[in-house]
Amino acid sequence: MSAHSSELAVAAPADAPGVDAGTDEGADEELRAELRAVSRDLLAAAAGKDDAQVDWALLAEAGWLGLEVPDGLDGAGVTVAETAVVCEELGRAAARAPYLGTAVLGAGALLALDPGDDRDELLRALATGAPRFAVALPTGDAPLGAAGVPGAVPFRLARSGGAVRLTGRAEFVPDAAEAETLLLLALDEGDEPVVVRAAPGQPGVEVTATPVLDVSRSLGTVAAVDAPVEAGSVWRFRGDGRAGGRLLLARGALAVACDSLGAAEAMLAATVEYASVRHQFGRPIGSFQAVKHGCADMLVSVSVGRGLVTEATRALAAASAVHVADGADGVDDAAMSAVEVAVSRAKSYMCAAAVDVAGKAMQLHGGIGYTWESGVHRYLKRAALSRALFGSPTAHRARLARHLDADGAGGAR
Amino acid sequence: MSAHSSELAVAAPADAPGVDAGTDEGADEELRAELRAVSRDLLAAAAGKDDAQVDWALLAEAGWLGLEVPDGLDGAGVTVAETAVVCEELGRAAARAPYLGTAVLGAGALLALDPGDDRDELLRALATGAPRFAVALPTGDAPLGAAGVPGAVPFRLARSGGAVRLTGRAEFVPDAAEAETLLLLALDEGDEPVVVRAAPGQPGVEVTATPVLDVSRSLGTVAAVDAPVEAGSVWRFRGDGRAGGRLLLARGALAVACDSLGAAEAMLAATVEYASVRHQFGRPIGSFQAVKHGCADMLVSVSVGRGLVTEATRALAAASAVHVADGADGVDDAAMSAVEVAVSRAKSYMCAAAVDVAGKAMQLHGGIGYTWESGVHRYLKRAALSRALFGSPTAHRARLARHLDADGAGGAR
Amino acid sequence: MNATLADLAELRATIRDWCRAHVPADWRRAQTGVGDDEFVAFQQAWFQELRRAGYAVPHWPAEWGGGMSAAEQMVLYQELAAADAPRLVLAFVSIHHAAATLLTAGTDEQRRRHLPGILDGEIWVQGFSEPEAGSDLASLRTTARRESRAGGDVFVVNGQKLWASGAAHADWCLLLARSDPAAPKRRGISYLLMDMRSPGLDVRPIRNALGDSHFCEIFLNDVEIPAENLVGPENSGWQVAQATLAAERGMTMLELAERLGNVGLRSLVETCRRPDAAGHRPIDDTLVADRLAGFDTEIAGLRALCRDLVERHDAGTVGDASQAPPAMRRSQDRTAFGDAGQAPPAMRRSQDRTAFGDASQAPPAVRRSQDRTAFGGADASVVKVYYSELLQRMTGFGAEIAGLAAQTELSKPASSGWESGRWLLDFIGSWEWTIPGGTNEIQRTIIGERGLGLPREP
Amino acid sequence: MNATLADLAELRATIRDWCRAHVPADWRRAQTGVGDDEFVAFQQAWFQELRRAGYAVPHWPAEWGGGMSAAEQMVLYQELAAADAPRLVLAFVSIHHAAATLLTAGTDEQRRRHLPGILDGEIWVQGFSEPEAGSDLASLRTTARRESRAGGDVFVVNGQKLWASGAAHADWCLLLARSDPAAPKRRGISYLLMDMRSPGLDVRPIRNALGDSHFCEIFLNDVEIPAENLVGPENSGWQVAQATLAAERGMTMLELAERLGNVGLRSLVETCRRPDAAGHRPIDDTLVADRLAGFDTEIAGLRALCRDLVERHDAGTVGDASQAPPAMRRSQDRTAFGDAGQAPPAMRRSQDRTAFGDASQAPPAVRRSQDRTAFGGADASVVKVYYSELLQRMTGFGAEIAGLAAQTELSKPASSGWESGRWLLDFIGSWEWTIPGGTNEIQRTIIGERGLGLPREP
């Protein structure tokens, strides 16, 4: 049961306390704290608005889009751990911004590719906020099945009449409708996962918006039918394409878990605030055990969720760094499994907990909580969407259970 | 979905209120209320003792063993609904008595058989308390599987060397170790379920006690290896043997559900009592919402469980009456399914709820609840045993789900 | 008049035939995404359809247009639910709260004026809650000052009411206001019938969590209500309100249980039997099957609870503390909103009979043994807590199973309950049952104190 | 002394080798069903084995025989759990509560007298709770009357203590008694070290829910305790007790989490991978697989919580309210038993360092961002609630899966925790974690008030 026992602490050095004397973990924590504080201020403005729309230019100016873009390409050159902070703050504000499509998945996909001028140029542009990106990959339960990633790759390249053509369909793609540049996860003729660059207007490619109850999110369907593809638009992952695809899916799941963490913390804070000022029966309602203990339960699950999200972030950051640095040799299957285990735990726990916390917030706000104006519903809808996006808790737990069964088979210790 | 919708109210007349003007439902209710009051008084004495042993002679004198034995055989000639009352009260007192083996299953098995002098004589004896009975049937999850009863019948008759011989094994048989007369559920040579009468001392038959944590229960293993059987000891069910077996298993499950209902009510009452007198922080602890709401939740689940147990009792009583009266033609498969649906609901809900309620009782009693002397542990262990005996909640729900799926297939309405 | 089994079977067949002929085909699709006017028109038409058949107000006394026994009403609601008939959403307060108030505490004149009006489609709204008086209803601040006028005394009302569901369409309002500011909290409140066309009224919609606006705020600025519209004695409004709120329970809960057990469970099973893209049916997972069976069981338990409540309402044994076991002692009556719906036993018994059936009917024999009253004075709270949380669990599970697809269902059929099968909408709507009418936290306190006799908070 | 990653890996390898050589083979079987004497002998022998390796009291200061950093202790407990070493059950109070008390508030003389004694195997018991002072510890009634004797002052103690775990084997007792009956509840209590061989003591075992008798009552009848055995100032025993109780948290919770995550989860997975008579493995049911994965996740979450708690203890940032976000305001300190383990921040910070590591160690940099203190002064309560209820859920699930077979397991290995894989016994034993040390109801109040700053009950 190595992936689930104390071995993990060795595999992921950051888990062990007091061991960072020689690392820059402390500095990173400070950077993240500052990033968090700035984000919170900036997004607080958006939180007040009914549509919670965040000014895209502002995000670009703040440097949040290029966090992971290398220094040399005008980015900040930091890791997914910093991106995670922004995701959490976007969730806290229930803000509407195409951050997932561009900064999380777009940058993540490009960074996982073999470097090259086209890619580098696109990364540089990404950091400026133009174009906006969408990455068409499977966002449901499919890739969590026993079959793994390739079976769930939504697009396929085939040569016909001398041209390479793309066919496939991906639903519930984050930020698809507003994207100017599409990156499509596809299988090439050798069944190797690759990324295909496309534009929404391009022949054979159709993008349609999918309206959802959570108006703070934008989702859409990307469909391609025999769309001709230029050779220069087909990009290979560094090293093993399968590993690249798996890391990308892990990023999506983790980003959504971070979002749910922020949302849950916001709901807890709002409930505590309300329970402290709202009086009934001559007392603040927070002085009643029913309310107080309800808030305590919210804090417990937020605390547990935060721990899981933190561990998953560390694991993914470490693996991503290895992937970018070493390519194929870097992230072996065991390391990838460790990342996926951590991400599945964080995603399944936190995204389910956030729905519960938002629901409890609605309950403890009483009639006010059920009004549109309270905004609690925005968090409930957002948490419900996050729960399903990039794999339901059930699907993630099914994947975890397969690991447990396999590990159990491995030996008694 | 006929078995799950309003149709049931027609199938089971007692479900509908105000319709018993012409029936003796009112009179029966009065009888049961009296029976309950008498039982509660009588068993209250046992509840105080550490082993909660009930005087067997007293039970026989009170007429509780022969409740369902016909008038003509010196019994009370009432229904399983009255037996259910005693089961509930035994659970309330967490009393130790071989009632399940003799009065619930023993009488139930004999009543389901074709009448005859031997059977009648045995029924008459049963009401007097001598001999004590055990019925060896499957008490785990097996008979709830898709295969149904016959596959789970634990014994088999085979002719060898001119004699009929019995082979098989049943574990966790209630009251087996103390029984003087065994009734074994077996398949005859034609694969028809029958009941074989045997005695513990008889060649080839071995009974061993199975010590369990719940010391208020007695369980044992009944094993037979090529045990010679006289022709007169093989008894056929009235009509369809399969139906007889199914009714018997339903009785076992229902009796245990009744036991859990009584146990849960006792735990609720004890907790309310304790919370009303125990003071901490200058107040009775029952005035704190954490305790009060905990008790409220216990009441809610006990109330729901009582409703389900009542419905299952009515359904089983009605079907049993039909079975005894009409034999094979009486209880068709649909009616049997309706009984099993009601029993599975009651068993799965009530037996799980009783464990939760007893656990909550232990918690709300604080340190006192964790002592041996408080007796809460006796209820927790008994409830845990009841939860597993005659089918786990999970197994009963699996059976229910098959009905739901089948009904769903039947049509939209 | 106790119906025989045969009578009931015949009634069931009659209603079933009637439903086949009269339940509008495909009304769910037609009522999805409609505007307010269309919704009101549909509700009014359906109400009149039911009225013509004698099914609109079966619980009223026969002389006013009802007259069904509890057993008959149960058959009616079972069949309406099984046929998936539209719910009477708009008339809910009129036929339950308003009627119960008038029948219990109104004058003959008030009944004659208003009960036929309700049958003709007059809509009532409840004006109880206020911004500072939600769970703690007794602290309401709206004032009613008695003054003399040429045509007779009037109450001059000032204040603000909240959560007045359907106020935008209402003709009349059941209003609680403080008529004696000097009296203790619950002693100075009067119960008034207010014409919603009165000058000085301002109704403003409040959007709920789904963006709908059937909740309203009502601002009252020197609104004059004739003194003859006082219900019960002056300053006794709190007691009268108990009756009004009691009407929300019992048979109305049974109807909700039947809805959940029919279209609700059916939709959930259907959702789980639907194969996904890979041909896999959720119900084939033991995980899903187990949950479905659990819901089936809980619904059966809910129905049993509701039937028991209705039968005992009918038998007059609800909340009879004299039969409760010693451990289940009854506490003093609570002063909070919490006990809305919990009149003192003596009052409740009589009012229940009036509200739930023809008082001229011979009450059925008290068939229940003492244990049936185990939940003492908290029956309605037990049912409310259980129903609302079961609804929340079921719809929550539906939303989880439906996954991303649930997010794309942007509206549900008007005239349906929160078991429409649009799971995420239903889930969010389920808080409409765990919060209003005394939050479930308040209900648990009632259950603990009235049902179990646990001591009050100091 | 901060260890480098390489140092820790080396330590891990060393401990792992040590465990292979020293953990008694098959001790679980051998310790199942043994008598009290055998249990005590085994515990004492194992304690000395650990002591020889330097693993018995790693959290003590180096001068007293400990000296491991928090990171090193974590490695130690991870490896002991992974190797399924016996737990130190008998010495628990001695090495944690007694030592923390002495190190925090004891005199040099008291330390010199008792710390080596503990290393030599002296057993301590905690004499705090009383029949009328459980959750409400501050209402304890046992009296300590100061009197002069020839050899110096003594405290004459009378009263009764309850739930004194292990008192039958104890050499010394940590005693709270009321030395000033006139002072307010928490102001008149003194903290005393009582020799269990003192005349006037009567120890009677209390059987627990499993029939075991490690809990005891202690009756005190004019027991004389020399005044030099007073810890801290007279009448300041309440404050001293905070330190004692605080020692129960932190690293001890981490050890428990590791036990649950190793032998606990492993046994559960094994139970679910075992084919039944028909060859079916429970884990192949999605229902069971889902629960197992949920437990795996929750254990990972628990470990993260514990690590965080330990790291912040180490860093001295536990409960620093100055970093809490505004909404998470800190309430007044609670007066109840509830806040046992929750000393005022200033005191806690210093005591934690003393209790959890060598005070001479340079405290690691405060690496945490402000959100890491989101649970403010309630960290330990969060962990306790979560651990104990996870243990209860896991063992409850195990008992359910094991079914009837679980009933036939009549005893579990002594020296193991409540994750022995004897699921029904473990399940019942799990209440030993949800009740003592402040019930989980009390813990939730602490979390609400100290962690979230919610208002106290009036």
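Chain letters run A, B, ... following the sequence lines, proteins first, then strands; residues in each count from 1.
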Handout entry: Contacting moiety of A/Arg217, where chain C heavy atoms sit under 4.5 Å
Key = neither
Practice task
List the steps and the verdict of side-chain contact (heavy atoms from CB on, under 4.5 Å) for C/Thr408 and A/Phe172.
Solution key: CA-CA 10 Å; C/Thr408 65; A/Phe172 300 106; 3.7 Å; yes
Exercise for the section: Look at the side chain of C/Glu400 and the backbone N and O of A/Ala384, then say whether any donor-acceptor pair between them is shorter than 3.5 Å. Expected result: no
Handout entry: A/Ser392, part contacting chain C, at a heavy-atom distance under 4.5 Å
Key = neither
Fill in the blank from the handout: Closest non-hydrogen contact found for C/Ile435 with A/Tyr370 is CD1-CB, 4.5 Å
Problem - Under 4.5 Å from any heavy atom of chain A - which part of C/Asp285 - result: neither
Completion exercise
Of all heavy-atom pairs linking A/Leu213 and C/Leu410, the shortest is N-CD2, 3.6 Å
Problem - Enclosure of C/Arg187 CZ (heavy-atom neighbours >12, cutoff 6.0 Å) - result: no
Problem - C/Ala278 versus chain A, the contacting section by heavy-atom distance below 4.5 Å - result: neither
Problem - Atom group of C/Ala277 that falls short of 4.5 Å from chain A, counting heavy atoms - result: neither
Exercise for the section: For A/Trp372 and C/Leu210, indicate whether the former's side chain and the latter's backbone hold a donor-acceptor pair under 3.5 Å. Expected result: no
Handout entry: Interface moiety of C/Glu409 toward chain A, non-hydrogen atoms closer than 4.5 Å
Key = backbone
Practice task
Might you work through the side-chain contact (heavy atoms from CB on, under 4.5 Å) test for C/Glu457 and A/Arg283, ending with a clear yes or no?
Solution key: CA-CA 12 Å; C/Glu457 295 202 51; A/Arg283 304 161 47 174; 3.2 Å; yes
Fill in the blank from the handout: Ranked by heavy-atom pairs below 4.5 Å to chain A, first place among C/Ser139, C/Ser411, C/Ala209 goes to C/Ala209
Problem - Minimum heavy-atom distance C/Glu441-A/Ala290, with the two atoms named - result: CG-CB, 3.9 Å
Handout entry: Under 3.5 Å donor-acceptor, C/Gln407 side chain and A/Lys381 backbone
Key = yes
Exercise for the section: Rounded to the nearest 0.5 Å, what's the gap from CZ on A/Phe281 to CG on C/Asp136? Could you check? Expected result: 4.5 Å
Handout entry: Atom group of C/Ala402 that falls short of 4.5 Å from chain A, counting heavy atoms
Key = neither
Problem - Atom of A/Ala388, atom of C/Gly403 and distance for their closest heavy-atom approach - result: CB-C, 3.9 Å
Completion exercise
Assert top hit (heavy-atom pairs under 4.5 Å, partner chain C, pool A/Val376, A/Leu219, A/Ile285, A/Asp214) equals A/Asp214
Problem - Between NE2 on residue A/His365 and CH2 on residue C/Trp431, distance to nearest 0.5 Å - result: 13.5 Å
Exercise for the section: Check whether C/Ile206 gets within reach of chain A through its side chain, its backbone, both or neither, counting any heavy atom under 4.5 Å. Expected result: side chain
Completion exercise
When the 4.5 angstrom heavy-atom criterion is applied to C/Leu287 and chain A, the contacting part is side chain
Handout entry: Closest non-hydrogen atom pair between A/Val355 and C/Phe427, with its separation
Key = CG1-CE2, 4.0 Å
Exercise for the section: Check whether any side-chain heavy atom of C/Ile401 lies under 4.5 Å from a side-chain heavy atom of A/Thr394, and answer yes or no. Expected result: no
Handout entry: Side-chain touch A/His377/C/Arg207, heavy atoms, less than 4.5 angstrom
Key = no
Handout entry: Top contributor to chain C interface from A/Leu380, A/Val212, A/Val291 [non-hydrogen pairs under 4.5 Å]
Key = A/Val212
Problem - Which portion of A/Thr139 sits near chain C, non-hydrogen atoms under 4.5 angstrom - result: both
Handout entry: For C/Thr439 against A/Gln363, the heavy-atom pair lying closest together
Key = CB-NE2, 4.1 Å
